[in-house]
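Below, read A as the first sequence line, B as the second, and so on, with proteins coming before strands; counting in each chain starts at 1.
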Protein chains: 2
Amino acid sequence: MTQRLDHVFAALADPTRRQILSMLLEDDMAVTDVAEPFVMSLAAISKHLAILANAGLITQEKRGRVKWCKLEPDAMKDASVWMQGFGQFEPVNLDAFEAFLAEQFPPD
Amino acid sequence: MTQRLDHVFAALADPTRRQILSMLLEDDMAVTDVAEPFVMSLAAISKHLAILANAGLITQEKRGRVKWCKLEPDAMKDASVWMQGFGQFEPVNLDAFEAFLAEQFPPD
DNA sequence: TTCATATTCAACCATCTGGTTGACGATTGC
DNA sequence: GCAATCGTCAACCAGATGGTTGAATATGAA
């Protein structure tokens, strides 16, 4: 798991890759379309996408000659949970939130 | 701000540095004490601490000949907020949560 | 003063990173 | 079939990263 965190945080450390993730938030995209707004080469973007895929932050599926890239936001979960462990910066009252949940979704 | 995210995520991408942060969660520590559980040299730990300080994740204060390292968990806030923006992994219905908040803390 | 402790600095090294270019394989459209 | 498009691969490059060692600096203790 520590290795998974390595990969996720390292992937997120690059602004190009963060921008790609933001783009994929709107919709799945082909590699060429991902590359379009950037000034760097297609090969460079292809590498960035491979790094994101290796971190589990996206998946890629080839249909015909087009490779579609899809955001996998769950991959950020472990990293997010790890960070929350330092949680002095929780934005809301979690006790109240849990009470709310218990009310909305009562246990069996 | 994108540069701040660069530094924070890059700092978190190394397991040694994450372990140091976890250690500092318990208490402030001197550089030598931080280095103690690791097999690498003191100079290497000193560099890791400088990277954490540059990212704002810790602060260092020299008292006498000892330099104390202190966790600054707020520095993770921006990164955490950025990640939450991908929030498909939120465990609950956010609309319902917002309704709950509006009820608990009505706007003026 | 002198010695020991705490930490950094400087030089060095191997490896990783992020980019380039050009060639290549696979698929589609005419 | 043939040309164009989609994407990756391979080789290369400059610079960053993570580690080492030995010397240097600064403070504290005897």
With 3.5 Å as the limit, what N/O pairs link the protein to nucleotides 9-12 of chain D?
none

How many angstroms lie between atom [atom1] of [X] and atom [atom2] of [Y], to the nearest 0.5 angstrom?
X       : Y       : atom1 : atom2 : answer
B:Leu52 : B:Ile58 : CG    : CD1   : 5.0 Å
B:Leu49 : B:Leu57 : CG    : CG    : 11.5 Å
B:Gln19 : B:His48 : CD    : NE2   : 10.5 Å
B:Met83 : A:Gln84 : CE    : CD    : 9.0 Å
A:Leu12 : B:Phe86 : CG    : CZ    : 8.0 Å

Rounded off to whole Å, could you give me the [atom1]-to-[atom2] distance for the [X] and [N] pair?
X       : N      : atom1 : atom2 : answer
B:Leu49 : C:dT8  : CG    : P     : 7 Å
B:Ile45 : C:dT7  : CD1   : C1'   : 13 Å
B:Trp68 : C:dT5  : CH2   : C1'   : 14 Å
B:Leu52 : D:dG18 : CG    : P     : 11 Å
B:Lys67 : D:dT27 : NZ    : P     : 12 Å

Give me the atom names and distance for the closest heavy-atom approach of [X] to [Y].
X       : Y       : result
A:Ala55 : A:Ala75 : O-CB, 4.1 Å
A:Ala79 : A:Leu5  : CA-CD2, 3.5 Å
B:Ala13 : A:Asp6  : O-OD1, 3.4 Å

query: Among all residues two or more places apart in sequence or in another chain, which pass the side chain to side chain donor-acceptor pair (under 3.5 Å) test with B:His7?
result: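 Partners of B:His7 under the side chain to side chain donor-acceptor pair (under 3.5 Å) test: none.
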message: For DNA chain C, which residues of residues 26-42 of chain A approach it to below 4.0 angstrom with any heavy atom?
response: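 Those residues whose heavy atoms fall under 4.0 Å from DNA chain C, taken from residues 26-42 of chain A in numerical order, are A:Met40, A:Ser41.
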Do any N or O atoms of the protein come closer than 3.5 Å to N or O atoms of nucleotides 1-4 of chain D, and which pairs are they?
none

task: Say whether, by atom type as modelled, one donor and one acceptor occur between the side chain of A:Arg17 and the main chain of A:Ala10 under 3.5 angstrom.
output: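 Between the backbone of A:Ala10 and the side chain of A:Arg17 there is a qualifying donor-acceptor contact (under 3.5 Å).
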side-chain hydrogen bond (donor to acceptor under 3.5 Å, both in side chains) partners of residues 56-70 of chain A, not counting sequence neighbours, each pair once: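 The answer is A:Thr59-A:Glu72, A:Glu61-A:Arg63.
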For a quick test of your reading: what N or O donor-acceptor pairs under 3.5 Å do the side chains of residues 20-46 of chain A make, sequence neighbours left out?
residue, atom, partner, partner atom, Å
A:Ser22, OG, A:Arg18, O, 3.2
A:Ser41, OG, A:Ala44, N, 3.2

query: Looking at DNA chain D, which of residues 4-18 of chain B put a heavy atom within less than 4.0 Å of it?
result: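 The answer is B:Asp14, B:Arg17.
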query: Is there a residue in residues 54-64 of chain A whose heavy atoms reach under 4.0 Å of DNA chain D, and which residues are they?
result: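 By residue number: none to list.
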